[in-house]
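I have placed the structure first, in the form of structure tokens, so that the comments after it can refer back to it.
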Amino acid sequence: MAISLSMVGSIMLVVCVLSGFLSMARGFEITLQSAGSPDVAVILGGGTREEVNSEIPPDIARSIMAKGNDIGVLRNASGTPILSRELVVPVEYRTQLDTAGTTLALRGMEASGLTIRSGVTLSSGRLVSSGAREILVGEQLATKYPGLDIGNDIRLGPVVWTVVGHFSAGGSAFESEIWGGFDAVASAFNRVGEVQSLRLKLTEPTAIDRLKLSMSEFADAQLMAFTEADLYAGQSEATAQLIRMFGWPISLLMAIGATAGALNTMMSSLSDRTVEIATVRALGFNRFSAFFSTWLEAFLLSAVGASLGLTLSWLALNGWQTSTMGANGAQMAFRFVVNADVMTITALVGVAIGGVGGALPAFAAARLPVATALRARG
């Protein structure tokens, strides 16, 4: 019994560790990808996919707004393309208990930036006033840092800002940002005249091709147009792959140890039941019956370990919030996600440990000489 419990425990541990890494990677992907909409376009300059490294000449925005031909974007009542000039500034936020400080992303955007984005709503408070040093705080940041409550004054960079509202974005990466007016952020950080990105609302997701074609006339600025969905999918993939790159080798090393434990468990079980196996063989059961029963035992023990591991992982990890460095050099909050994909992969690994570890003992049980085993009884 003790040996069987050790096998169950080792498989449970492997499943828990692997679930932790996979749920972390999956949660990061979901948080970042859910911020992206297929009908919102992002234009970056300098041939980069990172907003903090992008630079768009100010006259580009004016040129785009002056375009009268169909470039695949929505227009206002006067026929002008609806766009938002934006820039992102990593800022240090300190609380009374956090003397080291935390790097957060302060995004300056025009008033149209809120309406262009899909799934973003003002959950409490009001919108910022034009030109005022006021900010909106994402729900995840507001939950994590009580100092970001509505009405509080906080220092970000060289100036003090007033929190006037909180916004929700379905738990996406947007909720890890702080939003202010474009002109207010630019003047506070000596970025007047700088534009890092342009956001536009597409008429339909496939209209991104027309927008890309229209950007080709600004060759000197090396403009690149993406849908938000494609941009954030590309950014999330690299970090998620890095998490998995660390998680899989550690889990596989543990799995090798657990497989050795399963092998030892089943060999010990076989030696304790040599006479019983020989007896049923003498009663007419064939070699396959001995092989299958031994292998089935290993599978059942591994299934118990995998089930316990999945249950523990789901209870302890699913929905647990943490943060890591995001794409713009600032903290991004996300939640671990133990979904069906994660559970399926980890369950298969757990059961595979029992299958591999139980194969050799099963073959040994099938090849057990009946006469020798029965003589051992005496």
Side-chain angles (χ1 to χ4, degrees), residues 28-45 47-52 54 56 60-88 105 107-123 127 136 138-140 167-177 179 181-182 195-218 221-238 240 326-328 332 334:
F28 184 87
E29 286 179 325
I30 290 175
T31 299
L32 200 52
Q33 291 175 7
S34 61
S37 171
D39 59 1
V40 175
V42 182
I43 298 176
L44 303 177
T48 181
R49 296 180 68 101
E50 302 287 342
E51 286 186 82
V52 291
S54 171
I56 299 177
I60 295 291
R62 292 191 292 269
S63 298
I64 293 175
M65 293 183 69
K67 280 183 172 292
N69 58 326
D70 181 16
I71 59 174
V73 301
L74 293 182
R75 299 173 181 269
N76 57 23
S78 61
T80 303
I82 302 173
L83 63 77
S84 171
R85 296 174 300 162
E86 302 188 2
L87 56 86
V88 180
R107 180 182 294 274
M109 66 170 67
E110 295 184 282
S112 57
L114 191 63
T115 56
I116 287 175
R117 286 170 166 81
S118 302
V120 177
T121 57
L122 185 68
S123 54
L127 299 177
L136 299 176
E139 285 286 1
Q140 292 202 38
F167 66 89
S168 61
S172 72
F174 288 146
E175 291 190 8
S176 294
E177 294 184 345
W179 292 352
F182 178 79
V195 179
Q196 290 179 332
S197 65
L198 299 174
R199 264 181 170 78
L200 306 95
K201 189 77 169 181
L202 296 171
T203 55
E204 57 183 355
T206 57
I208 188 65
D209 295 327
R210 297 201 297 275
L211 182 60
K212 288 180 178 179
L213 183 62
S214 68
M215 293 300 102
S216 60
E217 66 182 77
F218 305 108
Q222 295 183 287
L223 298 184
M224 300 180 68
F226 312 89
T227 63
E228 267 189 348
D230 290 340
L231 178 65
Y232 288 127
Q235 291 177 352
S236 66
E237 183 178 358
N328 293 315
M332 189 190 81
F334 67 97

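Of the inter-residue distances, the one linking T206 atom OG1 with L211 atom CG reads 12.0 Å to the nearest 0.5 angstrom. Distance check, rounded to the nearest 0.5 Å: OG1 of T203 to CD1 of I208 gives 10.0 Å. Rounding to the nearest 0.5 Å gives a distance of 4.0 Å between CD1 of I56 and CG of L198. With rounding to the nearest 0.5 Å, the separation of CD in Q196 from CG in L44 is 9.5 Å. A distance of 8.0 Å separates OG in S197 from CG in L87, rounded to the nearest 0.5 Å. Taking CG of L202 as the reference point, atom CD1 of I116 lies at 10.0 Å (rounded to 0.5 Å).
For the pairing with K201, the side chain to side chain contact (heavy atoms under 4.5 Å, CB included) check across L83, D39, T115, V73 returns one residue only, D39.
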Yes or no on side chain to side chain donor-acceptor pair (under 3.5 Å) for S168 and T121, after CA distance, side-chain angles and deciding distance? CA-CA 6 Å; S168 61; T121 57; 2.9 Å; yes
Run the side-chain contact (heavy atoms from CB on, under 4.5 Å) check on R210 and I71 step by step: do they pass? CA-CA 5 Å; R210 297 201 297 275; I71 59 174; 5.7 Å; no
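Among pairs with a residue in residues 109-120, those fulfilling salt bridge (charged side-chain N to carboxylate O under 4.0 Å, His left out) read R85-E110, E86-R117, at least two apart in sequence or across chains.
Under the 3.5 Å distance criterion, the side-chain polar atoms of Q140 are matched with a main-chain donor or acceptor of G171. For the pair E175 (side chain) and A169 (backbone), a donor-acceptor distance under 3.5 Å is present.
In this structure, M215 and A225 approach most closely via the heavy-atom pair CG-CB, 4.4 Å. The two residues S84 and M109 come nearest to each other via the heavy atoms OG-CB, 3.8 Å. Scanning both residues, T227 and P205, for their nearest heavy atoms gives CG2-O, 4.5 Å.
Side-chain contact between L114 and V120 is present, with heavy atoms from C-beta onward closer than 4.5 Å. You'll find the side chain of I60 stays beyond 4.5 Å of the side chain of I43, heavy atoms only.
Ring geometry for F167 against W179 counts as parallel: the plane angle stays under 30°, on a 0 to 90° scale with 60° as the upper cut.
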